[in-house]
Structure formats: structure tokens, C-alpha cells
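Encoded as C-alpha cells, the structure appears first; notes follow it.
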Amino acid sequence: MPYRNLSTVPVYKKALSLCHTSRELASYFSYNKDLLQLYKSSSLRDIMANSILTDAILLPIQIEQAERSDCKHTKLHSIKFINTITRNILSYCNGLEHHGVKEKEYLNLLRTEITSFRKTYKNWRRSLR
């Protein structure tokens, strides 16, 4: 089976956009501005920013894995994992909001990106079967 070019897959493009937005927001919200060192921080805000970034990075990887696989089990695993990742990112947004982030419009921007991603994701998920 020939592989589709991932740059033509709309959900993959949305996932990359979500990664970019997450990276920018993680940099903005973290006390420690070095994103590669966020995991070492003891600040709850840094930990949540790192988790958003890490989960967002996993999205295109899982989409690629599902696109490239011929195994139905692998595709289903990726689909379930993507659902979990998007829920986690929304939870981290709520956590940052409760932690006292005053720039709620930035969190709402990320939430809007996730909502847009989920719409595209649902169409893509149906096409995998």
C-alpha cells in the first residue's frame, strides 16, 4: 500500500499547528524559559506547561503511526491515545487557569485550537476504517 504524503493530511497539519501553539504557550507560561529544562523544574506551572508541550508533540507522531500502519490494532491504539492526549491538554489548561494564570485568552486560544483539531480528527478517524 503506498503511503500518503503526511503534508496533505489535514489532521496532521492541525496537529503540527497545535504543537506550535503549545510550544509558544509553554514558553510564555513557564517560569523557566528554557523549554528543554522544564521537566527539571519543581514549579507546578512549569510542570503543566511541559506536559502540554509533551502531549502536543505526541499528536503528530501518533497520527503518522496510524497513517503508516496496516495493522488495525495499531490504528485503534493510536486513535485511543490521541483522544487521551487531547483530554489531557484540556485538563492542563484548566490546571493552569486554576493555578492563577491571568492570561486566560491564551488558554482559550489553545482550547480553540484543540476544538478545531478534534473536528478534523473525527473526520480523519472515520477515513481510517
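It should be emphasised that the depicted structure is a prediction, and the values quoted were computed from it without experimental measurement.
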Can you find a pair of side-chain heavy atoms, one from [X] and one from [Y], that are under 4.5 Å apart?
X: Leu107; Y: Val101; value: yes
X: Leu6; Y: Val9; value: yes
X: Ile82; Y: Val11; value: no

message = In this structure, would Phe117 and Phe81 fall into the same cluster of hydrophobic residues linked by side-chain contacts under 4.5 Å?
response = yes
Closest heavy-atom pair and its distance - [X], [Y]:
X: Lys14; Y: Thr120; result: CE-OG1, 3.6 Å
X: Leu59; Y: Leu18; result: CD1-CD2, 3.3 Å
X: Leu110; Y: Ser22; result: CD1-OG, 3.7 Å
X: Asn83; Y: Thr86; result: O-OG1, 3.0 Å
X: Ala49; Y: Ala26; result: O-CB, 3.7 Å
X: Gly95; Y: Met48; result: C-SD, 3.5 Å

task = Step by step, work out the side-chain contact (heavy atoms from CB on, under 4.5 Å) result for Leu96 and Leu25.
result = CA-CA 11 Å; Leu96 282 170; Leu25 290 178; over 6 Å; no
How would you list, by chain and number, every residue that makes a side chain to side chain donor-acceptor pair (under 3.5 Å) with [X], sequence neighbours excluded?
X: Ser17; result: Glu113
X: His77; result: none
X: Ser78; result: Gln62
X: Asn94; result: Arg111

Set of residues satisfying side chain to side chain contact (heavy atoms under 4.5 Å, CB included) with respect to [X], sequence neighbours excluded:
X: Thr112; value: none
X: Ser91; value: none
X: Lys122; value: Arg125, Arg126
X: Leu76; value: none

Would you check if the side chain of [X] reaches a backbone N or O of [Y] as a donor-acceptor pair within less than 3.5 Å?
X: Ser127; Y: Trp124; result: yes
X: Thr74; Y: Asp70; result: no
X: Ser27; Y: Arg23; result: no
X: Tyr121; Y: Ile79; result: yes

note = For Tyr106, the ring-ring contact (aromatic ring centres under 6.0 Å, His included) test, sequence neighbours excluded, returns Tyr28
Euclidean distance, Lys75 NZ relative to Glu67 CD, rounded to 0.5 Å =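 Here the interatomic distance stands at 7.0 Å.
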